[in-house]
Amino acid sequence: MSDEKSLNFLEEIIEEDLKAGKYTQIITRFPPEPNGYLHIGHAKSICLNFGLTKKYGGYTNLRFDDTNPSTEETEYVESIKEDVEWLGFDWKNELYASDYFDTLYEFAVKLIKKGLAYVDDMNSEQIAELKGTPTEPGKESPFRNRTVEENLDLFRRMKEGEFEDGSRTLRAKIDMASPNMHMRDPIIYRIKRTHHHRTGDDWAIYPMYDFAHGQSDSIENITHSICTLEFVPHRPLYDWLIENLEIYPSKQYEFARLNLNYTVLSKRKLIQLVNEKHVTGWDDPRMPTISGFRRRGYTPESIRNFCDRIGVAKRENIIDIGLLEFFIREHLNKIALRRMVVFDPVKVSVTNYPAGQSEIIKGEENPEDPNAGTRDIEFSGELYIEREDFMENPPKKYFRLSPGQMVRLKSAYIIRCDDVVKDNKGEVTEIKCTYLPESKSGADTSGINVRGTLHWVSVPHAVNVELRLYDRLFKVEDPSNEDGDFKDYLNPHSLDVVNAYAEPGLLDASAEERYQFLRKGYFYLDKDSTKEKLVFNRTATLRDDWAKKGK
RNA sequence: UGCCCGAUAGUAUAAUGGUAGUACGACAGAUUUUGGUUCUGUUUGUCUUGGUUCGAAUCCAGGUCGGGCAACCA
């Protein structure tokens with residue numbers, strides 16, 4: 001086997017097309033509807049569309065599929081642009097289906113003139129009634145055989161706004177008996193006298209998806225129009241319209257959309273979570289949106305690597321969210337600055353350390369990066385360590401602190417536990433230790449090797465920080481497939497807010513950096529942070545083999 | 001009971017008629033001043049029944065299972 005990565009089915013098609021001389025360059029498009037924020041499923045499509053033209057030469061357009069003014073807003077346009085850019089992709093042209101409304105109208109007129117479209121006076125119930133079902137053919141509309149002149153006149157008057165919303169439609173005249181429901185005289189224009197985010201009140205009619213998408217592809221000379229599997233049955237209509245309009249033959253190809261367990265990836269559901277305040281917004285770090293991942297501390301690289309690894313195929317798939325976590329850990333491990341933060345403190349008194357004194361200790365910025373250098377950390381005789389890092393009666397193989405045992409304080413000294421102070425409820429309030437002055441990190445002459453290393457902060461120097469610890473948004477793998485409403489399966493513990501003690505160096509934290517809180521996880525400064533109160537989002541935990549053993 | 005799409009380890013994804021491989025996970029071990037990282041090893045798979053062929057995950061036929069399609073949404 002060569003070390004070259006094997007091709008996915010779209011790459012194969014493109015390589016064949018290129019070899020056959022069918023195209024000199026590849027043109028794709030990413031076509032979001034601006035009616036919501038982009039999520040990780042869109043990231044797959046973005047990486048695919050932009051990745052293909054980057055690999056084979058050509059370009060990708062960003063085209064907003066804005067043909068339904070009742071759901072679309074400029075806020076969404078802005079967020080989509082920001083997200084695509086953040087992911088690291090540049091579009092050639094920023095385009096809108098609404099840019100083509102005049103052309104699309106002419107296309108419809110052409111179809112009418114060819115006797116391939118007609119104005120139908122039936123309302124939506126009547127149309128549905130005659131549509132048939134997947135197993136029975138439909139029946140023709142009584143308005144199907146109007147003259148070209150009559151159709152032209154009626155369609156013009158639809159455009160002029162003469163008729164009520166929903167009172168008439170323009171339909172392609174294809175085949176009411178087709179086994180493919182989409183070919184049973186699909187509606188291509190509807191009356192909708194609604195304000196459009198770009199064209200304002202210019203139009204009383206708007207094209208349907210099927211009459212806008214493929215035509216926009218064609219106008220832009222898109223060579224490979226890549227969409228998800230649910231559009232497979234639309235493909236005959238896509239081709240029929242292009243053929244009968246006699247326009248540039250873009251080709252549609254379909255791949256399986258991304259599904260992730262323990263979350264939902266449907267705009268309809270995500271918008272509910274936002275509107276019903278189950279989350280704080282589209283960019284809530286628990287959301288599977290690109291903006292949510294960004295705020296949580298994910299990097300564009302990690303998301304791109306993820307999309308690369310999950311591949312592109314036509315079979316339905318549900319990816320384990322753990323794979324995404326793997327890629328963010330992999331990246332953050334390389335770049336995150338190491339800091340020490342104690343989440344749930346218990347006090348350690350170093351009885352042989354000079355009272356009231358402190359010293360500066362050097363800690364690695366990042367052991368994975370030899371050029372990262374060191375940071376200064378205050379050490380004193382009064383410390384906090386993690387409550388879970390001490391046990392009075394430890395099980396076997398516990399190599400944290402316990403009476404009589406020694407541990408290394410990361411980047412500092414080895415200490416031994418001499419005594420434990422408890423309150424009247426039996427809760428440990430203080431651990432008395434002695435330190436080995438000759439065991440200082442980097443200058444250790446003690447000759448003692450200890451198994452455990454703990455993170456710590458100096459009590460008089462510690463700064464208070466707020467930590468937002470996130471867990472999966474849903475407590476079941478596939479909330480959409482459970483009985484009842486998907487929101488019944490929200491994880492009540494998806495957010496846990498903790499006030500913690502951090503080394504003072506963290507006061508300089510910035511959103512330009514990623515942090516690893518030693519032995520705790522990866523953290524990212526949140527936009528809610530103020531000078532008085534630093535707020536960090538937990539991007540991901542560290543792997544924890546000890547916890548996994550169930551001890 | 002119409003049409004369309006699909007089926008390879010737990011999850012994804014390769015092998016394009018010629019040794020079923022890779023990643024994640026799981027398990028075991030080594031290293032480690034993060035029970036992190038890194039390294040090594042182990043484990044588990046071609047939906048089914050026929051056919052074609054010297055040879056089938058791959059080609060053909062039947063079946064089974066899963067998904068999609070009956071919005072004036074995209």
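Note on naming: letters A, B, ... go to the chains in the order of the sequence lines (proteins, then strands), and numbering restarts at 1 for each one.
- Taking atom P in both B/U8 and B/A14, the straight-line distance is 11 Å, to the nearest Å.
- With RNA chain B read from its 5' end, the first of the two nearest nucleotides for A/D544 and A/L323 is the one closest to A/L323.
- The side chain of A/K548 approaches B/A26 more closely than any other nucleotide in the set B/A26, B/U37, B/A15.
- Summarising the geometry, the separation between NZ on A/K397 and C1' on B/A28 is reported as 11 Å, rounded to the nearest angstrom.
- As rounded to the nearest Å, B/U40 and B/U22 have P atoms that lie 12 Å from one another.
- With sequence neighbours excluded, the residues satisfying side-chain hydrogen bond (donor to acceptor under 3.5 Å, both in side chains) with A/D376 are A/K362.
- Only one option out of A/Y96, A/F30, A/Y100 pairs with A/F64 in a ring pair (Phe, Tyr, Trp, His ring centres under 6.0 Å); it is A/Y96.
- Among the atoms of the strands shown, only primed sugar atoms or phosphate atoms (P, OP1, OP2) are found under 4.0 Å from some heavy atom of A/V312.
- Judged by atom type and distance alone, A/E364 does not reach the base of B/U33 through any side-chain donor-acceptor pair under 3.5 Å.
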For a quick test of your reading: what N or O donor-acceptor pairs under 3.5 Å do the side chains of residues 123-132 of chain A make, sequence neighbours left out?
from, atom 1, to, atom 2, distance (Å)
A/N123, OD1, A/E125, N, 3.1
A/N123, OD1, A/Q126, N, 2.8
A/Q126, OE1, A/N123, N, 2.7

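- When heavy atoms are screened at a 4.0 angstrom cut-off, A/G452 is found touching no nucleic acid atom at all.
- Judged by a 6.0 Å distance limit and a 45° cone about the ring axis, A/R514 is positioned over the six-membered ring of A/Y524.
- The separation of B/U44 from B/G36, taken at their C1' atoms, amounts to 28 Å, rounded to a whole angstrom.
- Comparing the same atom, C1', in B/U38 and in B/U32 gives a spacing of 9 Å after rounding to whole Å.
- Straight-line distance from the NZ atom of A/K314 to the P atom of B/A12: 18 Å, rounded to whole Å.
- Across all strands, A/Y206 comes closer than 4.0 Å to no nucleic acid atom at all (heavy-atom distances).
- In this entry the distance linking CG of A/L401 with P of B/U33 reads 18 Å, nearest Å.
- With sequence neighbours excluded, the residues satisfying side-chain hydrogen bond (donor to acceptor under 3.5 Å, both in side chains) with A/N261 are A/E477.
- Across all strands, A/Q516 comes closer than 4.0 Å to base atoms (heavy-atom distances).
- Cation-pi geometry between A/K520 and A/F343 is satisfied (NZ or CZ under 6.0 Å from the ring centre, within 45° of the ring normal).
- Remark: the separation of the C1' atoms in B/C54 and B/G45 is 26 Å, to the nearest Å.
- Contact annotation: A/R519 side-chain N/O to B/G35 OP1/OP2 distance is under 4.0 Å.
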* To do: Summarise protein proximity over nucleotides 64-74 of chain B in one line of letters, 5' to 3': B for base, S for sugar-phosphate only, - for none, counting protein heavy atoms closer than 4.0 Å.
  => ---S-SB-BSB
* Dot-bracket encoding of pairs in RNA chain B, which uses [ ] for pseudoknotted crossings and | for another strand, Watson-Crick or G-U under 3.5 angstrom -> .((((((..((((....[..)))).(((((.......)))))....(((((..]....))))))))))).....
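- The aromatic rings of A/F379 and A/W456 lie perpendicular to each other, with more than 60° between the two planes, well past the 30° mark.
- If you take CG of A/N261 and C1' of B/G10, they are 12 Å apart, rounded to a whole angstrom.
- Closest contact between the side chain of A/R315 and the listed nucleotides B/G36, B/G35, B/U13 involves B/U13.
- B/A20 sits 15 Å from B/U43 when the P atoms are compared, rounded to a whole Å.
- Per the geometry, CD1 belonging to A/I310 stands 11 Å off P belonging to B/A14, to the nearest Å.
- By the side-chain contact (heavy atoms from CB on, under 4.5 Å) test, A/E365 pairs with A/L337, A/R339, A/A372, A/R375, sequence neighbours left out.
- A/I318 comes within 4.0 angstrom of the backbone, heavy atoms only, and of no base.
- Under the 6.0 Å distance and 45° angle rule, A/R168 counts as a cation-pi partner of A/F163.
- Contacts of A/F9 with the nucleic acid, taken as non-hydrogen atoms under 4.0 Å apart, are absent.
- A distance of 8.0 Å separates CG in A/N61 from OG1 in A/T28, rounded to the nearest 0.5 Å.
- Nucleic acid contact for A/R184: none, since no nucleic acid atom lies under 4.0 Å from a heavy atom of the residue.
- Ranking B/U34, B/A12, B/G25 by closeness to the A/R543 side chain, first place goes to B/G25.
- Applying the side-chain hydrogen bond (donor to acceptor under 3.5 Å, both in side chains) rule to A/S45 yields the partners A/N49; only residues at least two apart in sequence or on another chain are considered.
- Positionally, the nearest nucleotide of RNA chain B for A/F326 lies more toward the 5' end than for the other of A/N449 and A/F326.
- At whole-Å resolution of the value, CZ in A/R400 and P in B/U33 are 17 Å apart.
- Comparing B/U46 with B/G10, their P atoms sit 9 Å apart, to the nearest whole Å.
- The base of B/U33 lies close enough to the side chain of A/S441 for a donor and an acceptor atom to sit less than 3.5 Å apart.
- Across B/G35, B/A14, B/G36, the shortest atom-to-atom separation from the side chain of A/N8 is found for B/A14.
- Residue A/R309 is classed as a base contact, given a heavy-atom separation below 4.0 Å to a base.
- Per the geometry, CG belonging to A/L10 stands 13 Å off P belonging to B/U13, to the nearest Å.
- Taking the side-chain contact (heavy atoms from CB on, under 4.5 Å) definition, one finds that A/R193 meets it with A/E164, A/D165, A/I191, A/A204, sequence neighbours left out.
- Note: CE (A/M183) to P (B/C4) measures 13 Å, nearest angstrom.
- Remark: A/V350 engages A/V348, A/N352, A/Y353, A/L383, A/Y435 in a side-chain contact (heavy atoms from CB on, under 4.5 Å) (not counting sequence neighbours).
- Checked against side-chain hydrogen bond (donor to acceptor under 3.5 Å, both in side chains), A/K251 has no partners two or more places apart in sequence or in another chain.
- A/P69 is linked by a side-chain contact (heavy atoms from CB on, under 4.5 Å) to A/K192, A/T194, A/H196, A/Y206, counting only residues two or more places apart in sequence or in another chain.
- Rounded to whole Å, the separation between the P atoms of B/A9 and B/U58 comes to 14 Å.
- Using a 4.0 Å cutoff on non-hydrogen atoms, the parts of residues 328-343 of chain A near RNA chain B are A/N333, A/R338, ordered by number.
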